[in-house]
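Not measured: the values here are computed from a predicted model. Counting starts at 1 for both ligands and their atoms, in listed order.
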Amino acid sequence: MANGIRNKREHSFFGDVVNYFERAAKYTIHPAGLLDQIKGCNSIYRMNFPVRLNKGIEVFTAFRVEHSHHKLPVKGGIRYSTAVNQDEVMALAALMTYKCAVVDVPFGGAKGGVCIDPRKYSEIELEKITRRYTSELVKKNFIGPGTDVPAPDYGTGAREMAWIADTYAAFNPGQIDAIGCVTGKPVSHGGIRGRTAATGRGIFYGIREAVNKKDDMKKLGLEPGLQNKRVIVQGLGNVGYYTAKFLQEAGADIIALAEYEGAIYDKNGLDVDEVFKHRKKSGSILNFKKAKNIMPSGKALEMACDILIPAALENQINSGNAKRIKAKIIGEAANGPVTPEAERVLLKKGVLIIPDLYLNAGGVTVSYFEWLKNLSHVRFGRMGKRYDQLVNSTLVDSIETAVGKSLSKKNKEIILHGADEEHLVNSGLEETMVNAYNEIRETWKGNKKIPDLRTATFVVSINKIANSYIASGIFP
Ligand code: NAD
């Protein structure tokens with residue numbers, strides 16, 4: 001159970017991803033050789049490196065896996081966790097390939113990980129470790145704006161990305177695109193507005209799209225729309241926090257939040273920002289106002305709700321707890337939170353599982369925007385904003401003259417403001433998530449043999465990657 005102790009995975013995580021791939025490949029017409037080329041990991045780099053810390057020299061084990069080079073650069077986050085191992089990084093790299101294809105982001109998939117508990121090291125020590133890991137990547141050409149572009153993942157954030165960018169630039173003096181070697185950077189250091197919240201925002205758009213489908217909701221016995229949907233979120237980190245926040249703002253009730261130390265429950269809904277502040281101040285999610293403490297934390301996953309969102313780590317819903325899950329919709333915000341064994345049980349119960357390779361693709365989508373911004377060396381909106389404002393003000397004047405009265409102050413402001421970087425990023429993200437959901441759902445509904453949404457998502461992804469190989473002439 002998800003009680004803060006990592007579960008032993010029921011199978012190999014990479015094996016699970018391969019099984020999902022093979023299940024979906026049956027609904028495509030591609031030859032075995034092409035499918036084999038897509039399926040395997042192209043390059044696997046395992047490294048050990050020493051770092052001199054306060055207590056003396058410590059040797060760290062780390063990985064970078066590049067799953068598919070059908071498009072370059074490859075892209076994928078860097079994870080800091082004691083559970084990092086080769087199998088996990090391979091699985092996460094493969095998911096990145098399929099994820100990028102689903103949302104039409106022109107990258108291959110990759111992933112990195114350092115086997116470390118970041119909470120046990122000081123900031124200076126973490127900086128040393130991150131810089132040393134980066135130099136190992138540089139040595140073997142496993143990082144660069146045109147080759148391999150990391151991003152944040154579990155246990156890392158904008159701070160680590162800034163250290164990576166700085167280290168890479170030091171090894172590549174004068175390289176004009178060096179800042180594009182990593183995404184998820186602070187805005188003041190080549191990042192893009194909206195990236196921090198992007199994965200959670202994308203998850204919100206994806207869930208909103210799913211619950212707006214009347215027919216699908218009818219089957220689940222739910223009303224369409226997010227209003228008053230009872231939601232439980234596991235993990236109040238980057239992904240979980242923003243997902244919960246945006247869902248709450250759209251009218252959903254966040255009835256439970258689960259963290260390492262335990263979970264809290266309030267049937268009337270928790271204020272996500274207040275809980276976040278409470279945890280920061282007290283060091284724990286527990287004992288929040290009138291909310292009920294739930295121990296151990298994993299119990300929260302089994303409580304009655306409409307939408308369950310595991311946003312922590314893989315393997316949280318497994319053969320041990322699947323039967324007791326009462327949610328009607330599971331939104332896979334984390335990568336691999338539901339095991340194949342659990343999935344079988346849940347699908348039999350009629351649960352709608354919105355799969356990770358679609359649902360958490362908002363992060364890589366906005367990372368793509370950041371990379372484009374870095375290569376173009378200009379902030380989105382900078383060139384056109386003033387011109388748009390001028391055109392829009394002429395438009396407002398014409399409307400007011402034509403209708404003979406003034407527009408309201410609020411409407412005028414909306415029209416006149418013009419799009420800045422954050423508006424453009426969020427609108428590109430929304431468009432991407434909405435279109436991709438409709439594409440995978442239509443594939444699912446369009447072929448009665450495709451059993452579920454995850455398989456349909458893999459079918460869409462495999463077809464796009466295969467077509468890219470075919471177009472390149474490598475596979476006739
Ligand atoms: P994070 O480190 O910011 O947050 C994870 C949170 O989960 C932490 O607060 C941690 O305490 C909590 N947690 C860990 N184990 C738990 C457990 N057993 N029960 C309850 N809470 C637990 O990480 P993140 O960036 O939010 O990533 C979370 C998941 O989302 C990972 O699977 C990651 O691969 C995936 N993901 C992240 C991004 C991104 O942009 N950061 C993008 C796509 C997918």
Side-chain angles (χ1 to χ4, degrees), residues 1-7 13 75-84 88-89 91-93 95-96 99-100 102-103 105 109 111-113 116-119 150-161 183-185 191 194-203 206 232-245 256-264 275-276 279-280 283-286 294-301 308-318 321 331-338 355-368 370 429:
M1 286 203 307
N3 53 6
I5 298 163
R6 293 288 306 279
N7 300 298
F13 189 5
K75 184 114 196 52
I78 291 174
R79 178 173 284 200
Y80 282 4
S81 153
T82 49
V84 160
E88 180 184 76
V89 185
L92 293 167
L95 281 174
M96 281 306 296
K99 195 176 296 187
C100 289
V102 169
V103 288
V105 165
K111 203 79 181 188
I116 176 184
D117 179 352
R119 289 171 299 186
D153 190 69
Y154 185 91
T156 61
R159 179 185 66 173
E160 285 75 14
M161 302 307 117
T183 59
K185 302 177 292 287
R195 172 60 183 92
T196 309
T199 307
R201 188 182 283 280
I203 291 163
I232 295 176
V233 180
Q234 182 200 37
L236 202 58
N238 173 284
V239 175
Y241 165 72
Y242 283 108
T243 302
K245 180 179 161 69
L257 287 166
E259 254 297 335
Y260 260 119
E261 61 274 11
I264 49 173
V275 174
F276 191 79
R279 187 170 192 239
K280 211 166 174 198
S284 166
I285 203 172
L286 297 170
I294 309 286
M295 299 289 275
S297 166
K299 263 193 173 177
L301 301 176
L308 174 60
I309 302 181
L313 282 168
E314 57 265 24
N315 204 23
Q316 297 302 305
I317 301 169
N318 48 48
N321 59 5
E332 291 189 331
N335 285 307
V338 177
D356 48 7
L357 72 156
Y358 158 70
L359 194 62
N360 65 34
V364 76
T365 303
V366 174
S367 275
Y368 171 47
E370 180 176 333
L429 175 61

Does any part of the side chain of [Y], heavy atoms only, come nearer than 4.5 Å to the side chain of [X], both counted from C-beta?
X	Y	answer
L257	F276	no
L92	F13	yes
I78	E160	no

Where ligand 1 meets [X] - atom numbers and elements under 4.0 angstrom, heavy-atom basis:
X	result
G235	7 (O), 21 (N)
A334	29 (C), 30 (O), 32 (O)
A333	30 (O)
G237	3 (O), 4 (O), 6 (C), 9 (O), 26 (O)
Q316	18 (N)
G155	2 (O)

Exercise for the section: Any chance you could lay out the side-chain contact (heavy atoms from CB on, under 4.5 Å) test for V275 and L236, step after step, and finish with the verdict? Expected result: CA-CA 9 Å; V275 174; L236 202 58; 4.0 Å; yes
Exercise for the section: Give a yes/no on ligand 1: does A258 have at least one heavy atom closer than 4.0 angstrom to it? Expected result: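 Yes, that is the case, since the closest heavy atom of the residue is under 4.0 Å from the ligand.
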Handout entry: Sub-4.0 Å heavy-atom contact, R195 with ligand 1
Key =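 The answer is yes, since R195 has a heavy atom less than 4.0 Å from ligand 1.
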Measure from the side-chain N and O atoms of [X] to the backbone N and O of [Y], and report whether any donor-acceptor pair falls under 3.5 Å.
X	Y	value
E332	D356	yes
E261	I285	yes
E370	G184	yes
T82	D117	no

Output yes when the distance from some N or O of ligand 1 to some N or O of [X] is under 3.5 Å, and no in every other case.
X	answer
K99	no
T199	yes
E314	no
D153	yes
V239	yes

Exercise for the section: Please work out whether any backbone atom (N, CA, C, O) or any side-chain heavy atom from C-beta onward of A311 is under 4.0 Å from ligand 1, and answer side chain, backbone, both or neither. Expected result: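 For A311, only backbone atoms sit under 4.0 Å from ligand 1.
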Practice task
Could you tell me whether Q234 approaches ligand 1 through its side chain, its backbone, both or neither, with non-hydrogen atoms closer than 4.0 Å?
Solution key: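 The answer is the side chain of Q234.
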Handout entry: Side-chain H-bond candidate by donor/acceptor type, R195 with S367, under 3.5 Å
Key =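 Short answer, yes.
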Practice task
Sequence neighbours left out, what passes salt bridge (Lys or Arg N to Asp or Glu O under 4.0 Å) with K111? Give chain and number order.
Solution key: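 D153.
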Problem - Proximal candidate to atom 16 (C) of ligand 1 [heavy atom criterion; set G200, A312, A263, G76] - result: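 Nearest option to atom 16 (C) of ligand 1, by heavy atoms: A312.
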